[in-house]
Student: 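Would you mind keeping the following structure in view while I ask a few things?
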Amino acid sequence: MIVVKSSAELERMRRSGRMVAEVLEMMRQKVAPGVTTLELNRLAEDQCKKWKAKPAFKGYGGFPYTICASPNDRVVHGFPNADPLQEGDIISIDFGLIADGFYGDSAVTLAVGEIDSATQRLLSVTKQSLDDGIAAAVNGGRLSDISHAVQLRAEGAGYGVVREFVGHGIGRALHEDPQIPNYGPAGRGPLLKAGMTLAIEPMINAGSPAVKVLDDGWTAVTLDGGRSAHFEHTVVVTENGPEILTRL
Ligand code: MG
Ligand code: MG
């Protein structure tokens with residue numbers, strides 16, 4: 001069942017979303033060659049403590065950290081570690097929290113120092129595929145319009161759309177109905193209605209879409225070793241078009 005939020009609930013989701021955006025902005029400012037993802041994890045955790053907000057991922061299904069940190073060929077769900085980020089790396093950071101009863105969830109792939117132009121293109125196209133997906137999140141549309149918009153953009157640029165992980169509804173739970181694949185024909189699935197809150201999150205590989213999960217049981221990597229990017233926003237469908245909740 002897809003939960004439609006009241007305007008009072010949406011006010012609370014706007015606050016959670018803004019907090020998530022503030023933490024990702026802190027990450028963006030901190031990321032540089034030599035910084036470790038464990039340091040980023042601590043920053044995010046400390047900020048949650050200050051706000052008395054609960055990190056969404058720590059403890060979720062046993063996930064041990066506050067952020068997911070997935071560099072280079074890591075797709076999603078990477079563990080933060082003590083390896084310094086290197087010039088030319090990319091790092092995908094996924095972060096969520098719950099405050100006042102409602103979740104926010106967002107992800108961004110950041111460049112570490114200067115990155116090559118092929119990688120820059122992967123980041124731009126993945127971000128654009130998210131923007132296209134969000135633009136399709138309109139009252140009276142169909143859920144798979146979002147999926148299709150993401151796929152068109154990413155595959156149109158020659159990239160692989162990851163199948164194994166999908167976006168999701170979000171609200172009082174981190175993962176609510178519906179699931180939102182990043183591929184498929186348009187015009188299918190539930191009708192989108194004002195008040196539905198969705199976490200849209202394309203995971204796009206430079207090469208083949210195939211992924212595998214490492215022995216830690218969490219970290220997804222590209223099967224071909226190519227790079228992968230991930231952008232996510234929590235969005236609400238409104239009468240006047242989509243509204244992004246996880247931004248400043
Ligand atoms: Mg996320
Ligand atoms: Mg998510």
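First listed ligand is number 1; within each ligand, the first listed atom is number 1. Keep in mind it's a predicted model, so treat the numbers as computed, not measured. All heavy atoms count here, side chains included; hydrogens, waters and symmetry mates do not.
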Student: Quick one: are Val31 and Ile91 in side-chain contact, heavy atoms under 4.5 Å?
Tutor: yes
Student: Are Tyr60 and His175 close enough that their ring centers fall under 6.0 Å?
Tutor: yes
Student: Would Glu25 and Arg28 satisfy salt bridge (charged side-chain N to carboxylate O under 4.0 Å, His left out), going step by step from the backbone distance to the final call?
Tutor: CA-CA 5 Å; Glu25 176 59 20; Arg28 194 185 67 75; 2.8 Å; yes
Student: Has Thr66 got a side-chain atom pairing as donor or acceptor with Asn41's backbone, closer than 3.5 angstrom?
Tutor: no
Student: Which atoms of the protein, restricted to N, O or S, are nearer than 2.8 Å to the Mg ion (ligand 2)?
Tutor: Asp105 OD2, His168 NE2, Glu201 OE2, Glu232 OE2
Student: Flag this pair as yes if the NZ/CZ of Arg163 is under 6.0 angstrom from the six-membered ring centre of Tyr183 and inside a 45 degree cone about the axis; otherwise no.
Tutor: yes
Student: Keeping the roles fixed (side chain from His148, backbone from Gly184), state whether a donor-acceptor pair exists under 3.5 Å.
Tutor: yes
